[in-house]
Amino acid sequence: MQSHHTEHLYKILVIGDLGVGKTSIIKRYVHQNFSPHYRATIGVDFALKVLSWDSDTVVRLQLWDIAGQERFGNMTRVYYREAVGAFIVFDVTRPATFEAVTKWKEDLDSKLTLSNGFPVSTVLLANKCDQGKDGFRNNLTKMDQFCKEHGFVGWFETSAKSFSVLLDVMLDCKACSIPRYQDEASKCLVKHIIASETDLLQSVEPDVVKPQMNSSKIPSCSACLKF
């Protein structure tokens with residue numbers, strides 16, 4: 001007997017301010033390389049990451065690397081369409097990029113929701129953690145609360161340069177209690193996406209006719225009345 005093989009293709013957004021390292025994170029995650037000389041993304045770029053979810057399931061992540069200045073344009077609604085998850089990235093060495101996270105999340109939630117009206121699963125990435133992060137470290141205890149308040153399913157520190165990429169060799173997922181293993185950050189996001197899919201399927205009522213009996217309108221059966 002042949003085992004049933006399942007494949008999923010998920011569109012994942014990677015968004016955040018200009019220069020926070022979105023392209024570097026994706027290049028390291030997908031191609032295992034890093035360069036300090038990436039040019040700023042214009043519009044949108046794409047990459048594909050394939051995950052072996054289990055022995056019978058393959059998950060393909062279509063990563064959309066969206067330019068940092070796009071939040072100020074009208075194209076994001078087009079770019080966001082049909083996405084089921086997102087990573088929002090900020091630079092721990094530039095506090096202004098963290099302040100912009102809320103605006104990116106609000107923009108995302110206003111333009112993209114699941115069919116049940118809920119926001120898509122989103123993970124927050126604190127990038128460039130290999131560089132002067134002392135100020136950020138002082139606020140670590142506040143990150144959990146920040147994520148809960150703004151609807152993130154988890155957050156991670158990452159550095160494409162030092163290959164402690166949150167998408168690849170990750171610290172613990174603060175929201176999911178997932179330990180430090182290969183690909184655990186992306187698995188954290190995929191886990192929430194699959195859970196959302198399951199909830200959507202369960203919320204759909206089957207197309208079945210359900211006749212309702214009104215006892216006051218049921219005619220008497222003379223044969224039954226004899227008993």
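The structure displayed is predicted, hence computed values, not measured ones.
Between D54 and T57, the side chains place a donor N or O and an acceptor N or O closer than 3.5 Å (distance only, hydrogens not considered). Checking E82 against Y10 by side-chain atom types alone, no donor-acceptor pair falls below 3.5 Å. For the residue pair T97 and D91, no side-chain donor N or O sits within less than 3.5 Å of a side-chain acceptor on the partner.
For the pair S121 and S196, the tightest heavy-atom approach, listed with the atom from each and the gap, is OG-OG, 3.8 Å.
Take F118 and apply the ring-ring contact (aromatic ring centres under 6.0 Å, His included) test, not counting sequence neighbours, and it matches no residue. Applying the side chain to side chain contact (heavy atoms under 4.5 Å, CB included) test to T102 and every residue at least two apart in sequence or in another chain returns E106, F146, H150. K11 pairs by the side chain to side chain donor-acceptor pair (under 3.5 Å) definition with nothing, not counting sequence neighbours.
When each of L61, L63, V59 is checked for a side-chain contact (heavy atoms from CB on, under 4.5 Å) with S186, only L61 meets the rule. Residue W104 is tested with T122, T76, D17 for a side-chain hydrogen bond (donor to acceptor under 3.5 Å, both in side chains); the sole match is D17.
Placement of I15 and F46 within a single hydrophobic cluster is found when ILVMFWY residues are connected by side-chain heavy-atom separations under 4.5 Å, directly or transitively.
In this structure, R77 contributes its side chain and L112 its backbone to no donor-acceptor pair below 3.5 Å. Side-chain N or O atoms of N127 include one that pairs as donor or acceptor with a backbone N or O of V20 at under 3.5 Å.
Ion pairing between a basic and an acidic side chain is recognised when a charged N comes within 4.0 Å of a carboxylate O; K105 and D109 show such pairing. The residues D107 and K111 are annotated as salt-bridged, a charged nitrogen and a carboxylate oxygen being separated by less than 4.0 angstrom.
The CZ atom of F152 sits 12.0 Å away from atom CZ of F87, with the distance rounded to the nearest 0.5 Å.
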